[in-house]
Asks: 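First the structure, then my questions, so here it is.
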There are 2 protein chains.
Amino acid sequence: MNKTKKQIVFEAAAKLFMEKGYLAASMRELAERVGLEQASSLYNHLKSKEDVLRKICLENADKFIKGIDEIERIKNDPITQIKALIHLHINIAAEDPTSVTVFNDEWRHLSEPYLSDFLAKRRNYENRFKAIIEKGIQTEVFKAIDPTVAFYTILTSVRWIHYWYKPERNISIEKLESDIFDLLVKGLQKE
Amino acid sequence: MNKTKKQIVFEAAAKLFMEKGYLAASMRELAERVGLEQASSLYNHLKSKEDVLRKICLENADKFIKGIDEIERIKNDPITQIKALIHLHINIAAEDPTSVTVFNDEWRHLSEPYLSDFLAKRRNYENRFKAIIEKGIQTEVFKAIDPTVAFYTILTSVRWIHYWYKPERNISIEKLESDIFDLLVKGLQKE
DNA sequence: TGCACACGAACGCACATTCGTTTTTAATAT
DNA sequence: ATATTAAAAACGAATGTGCGTTCGTGTGCA
């Protein structure tokens, strides 16, 4: 099925936001990229520049929330849950790398009240992520290192995968997933 | 010794760049923050907005290059080198978190040829970081996971520490360092 | 007397967005 | 097939705003 012009515009916007950053991306350049002579023509397809950013951020935030909902529901032990969280981050990043990059890097340019909404969702996700790690430490499945350190180190690792992972480097996402899991859970060192 | 006005201006600029992002930071707001009524007055202390960004980026890039220079010179085995790299990242971040944040997040707004210079330095650093990990894998000190995955996962972990590490959380940088080392090298899982 | 600094006006530019108008498209009726 | 119509999309001019920076001038301190 053909993409609507609206879809084309939104995808080009995400790409432009990713490449230049939200503030440096201009509606004039976006127009050019989708074959329009005038930026004003864009407004037949979108409400505003920020509205595009909002949709991208919200969409991805919901993906993560939905993901952790299911992980909490289905998985039980912390190790399997961590594995599932790695899986979640990699899959979302692989599915739409452009969109997840914008989500990750440009959310701070949301204006209120959308910024607060976004941050609330983010905090919610992070707290639940952290709780999984804390549970692992409490039940002595994980090492007795500082939970905050463990949490942020792992979250950071998986949150920025989109920065460097390019599928064409002929490493599959399955291998990527299991390598990251090995590294974070079992450590870099051999025995 | 008292800070010169120039120092005050540069530090306030770094802080402003960090808080709002380089593009969203305005010279008028910077002026206000350092007690000047007019943005034009700033130009007695700095050459241009971008010049401030350049100095911040260059300064930090050199810190990392100098750091890895010494690590290559003094340390021998990959494990000790990784430990030293973690130490390096944490110390640079702790010493001047504001500046390292700007360095890390805003370099892309450098214009040519400074951008290319910066990226060359960055590539240099990353290649040498990666070489250490590859050596560890080749000599079978490290697990046989994909070197690129190992490299980026570790680099990402240490590169974004400034995002979340606040010294007032009463965890010392020594503990932070050893916990991150434990996690990355020995793994999260117990035994 | 000179120098460092602050001021205030001004310049030129790029930006997102609005508006009224024209063109294109596609569905309907002849 | 062709003509009619209404909606969708593109246009181009215009608006207002904020930006970095320059310049000429003034002020106060060494």
Side-chain angles (χ1 to χ4, degrees), chain A residues 1-58 102 105-115, chain B residues 1-58 102 105-115:
Chain A
M1 181 201 137
N2 276 344
K3 283 178 190 168
T4 70
K5 186 101 191 186
K6 182 169 174 175
Q7 279 175 311
I8 292 172
V9 167
F10 270 72
E11 282 170 25
K15 193 138 176 281
L16 185 60
F17 292 172
M18 175 183 69
E19 286 173 20
K20 306 243 171 159
Y22 176 74
L23 286 183
S26 83
M27 298 303 273
R28 284 164 175 84
E29 179 165 2
L30 177 57
E32 216 169 69
R33 289 196 180 195
V34 296
L36 293 172
E37 287 181 30
Q38 298 288 329
S40 57
S41 308
L42 289 169
Y43 290 79
N44 288 307
H45 307 286
L46 48 81
K47 268 177 49 196
S48 70
K49 185 185 181 187
E50 200 193 323
D51 186 59
V52 178
L53 179 63
R54 279 203 283 269
K55 291 210 162 81
I56 293 170
C57 290
L58 197 69
V102 174
D105 300 357
E106 309 296 338
W107 56 265
R108 71 151 133 188
H109 298 112
L110 292 170
S111 63
E112 295 293 357
Y114 307 97
L115 179 59
Chain B
M1 182 200 137
N2 275 344
K3 281 179 191 169
T4 70
K5 186 98 190 187
K6 183 169 174 175
Q7 278 176 310
I8 293 173
V9 168
F10 269 72
E11 282 171 25
K15 192 137 177 282
L16 186 59
F17 291 173
M18 175 184 71
E19 286 174 18
K20 305 242 171 160
Y22 176 74
L23 286 183
S26 83
M27 298 303 273
R28 284 165 174 84
E29 179 165 2
L30 176 57
E32 215 170 70
R33 288 196 181 196
V34 295
L36 292 171
E37 287 182 31
Q38 296 289 328
S40 57
S41 309
L42 290 169
Y43 289 79
N44 290 307
H45 307 286
L46 49 82
K47 268 178 48 197
S48 70
K49 185 185 181 188
E50 200 193 324
D51 185 58
V52 179
L53 178 63
R54 280 203 283 268
K55 291 210 163 80
I56 294 170
C57 289
L58 197 68
V102 174
D105 299 358
E106 308 296 337
W107 56 265
R108 70 150 134 188
H109 298 112
L110 292 170
S111 62
E112 293 294 357
Y114 307 96
L115 179 59

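Every chain is numbered from 1 and lettered A, B, ... according to where its sequence line falls, protein lines coming before strand lines.
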Asks: Salt bridge check, B:K15 against B:E11: does any charged N sit closer than 4.0 Å to a carboxylate O?
Replies: no
Asks: Scan residues 45-55 of chain B against DNA chain C and write down, sorted by residue number, each residue with any heavy atom closer than 4.0 Å; if none is found, say none.
Replies: B:H45
Asks: Roughly, in whole Å, what's the span from CG in B:L16 to C1' in D:dG20?
Replies: 14 Å
Asks: Between B:E29 and B:R33, is the closest basic N to carboxylate O distance under 4.0 Å?
Replies: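 Looking at B:R33 and B:E29, the cut-off is met.
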Asks: Under 3.5 Å, which N/O atoms of the protein pair with N/O atoms of nucleotides 21-26 of chain C?
Replies:
none

Asks: Give a yes/no answer on whether the side chain of A:Q38 brings an N or O atom under 4.0 Å of OP1 or OP2 in D:dG12.
Replies: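 Checking A:Q38 against D:dG12: at least one side-chain N or O falls below 4.0 Å of OP1 or OP2.
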Asks: What is the separation between atom NZ on A:K6 and atom P on D:dA10, rounded to the nearest whole Å?
Replies: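 Whole-Å distance recorded here is 14 Å.
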Asks: Check the phosphate of C:dA4 against B:K5, side-chain N and O only, distance under 4.0 Å to OP1 or OP2. Yes or no?
Replies: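 False: B:K5 side-chain N/O out of range (4.0 Å or more) of C:dA4 OP1/OP2.
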Asks: How close do B:L30 and B:A13 get, heavy atom to heavy atom, and via which atoms?
Replies: CD1-N, 3.5 Å
Asks: Is the base of D:dA10 touched by the side chain of A:N44 through a donor-acceptor pair closer than 3.5 angstrom?
Replies: yes
Asks: Would you mind reporting whether A:L53 and A:W107 have side-chain heavy atoms less than 4.5 Å apart?
Replies: no
Asks: Do A:F17 and A:K49 make a side-chain contact, defined as non-hydrogen atoms from C-beta onward lying under 4.5 Å apart?
Replies: yes
Asks: Side chains of A:M27 and A:L46: does their closest heavy-atom pair fall under 4.5 Å?
Replies: yes
Asks: Which residues, if any, of residues 21-37 of chain B bring a heavy atom under 4.0 Å of DNA chain D?
Replies: B:A25, B:S26, B:M27, B:R28
Asks: Think A:S41 has a side-chain N or O under 4.0 angstrom from the OP1 or OP2 of D:dC11?
Replies: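 Affirmative; the distance criterion is met.
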Asks: Can you confirm whether A:V52 sits close enough to A:V9 that some side-chain heavy atom of one is under 4.5 Å from a side-chain heavy atom of the other?
Replies: no
Asks: Go through A:L23 and B:H109 one step at a time and tell me if the side-chain contact (heavy atoms from CB on, under 4.5 Å) criterion holds.
Replies: CA-CA 11 Å; A:L23 286 183; B:H109 298 112; over 6 Å; no
Asks: Is the count of non-hydrogen atoms from other residues, nucleotides or ligands lying under 6.0 Å from B:K5 atom NZ greater than 12?
Replies: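 Yes, the 6.0 Å shell around NZ holds more than 12 heavy atoms from other groups.
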Asks: Can any side-chain N or O of B:E19 pair as donor or acceptor with the backbone N or O of B:L16 at less than 3.5 Å?
Replies: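 Judged by distance alone, no pair lies under 3.5 Å.
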Asks: Using a 4.5 Å cut-off on heavy atoms from C-beta on, say whether the side chain of A:V102 contacts that of A:Y22.
Replies: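 No. Closest side-chain heavy atoms not under 4.5 Å.
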Asks: Over how many whole Å does the gap from B:Y43 atom OH to C:dA10 atom P extend?
Replies: 19 Å
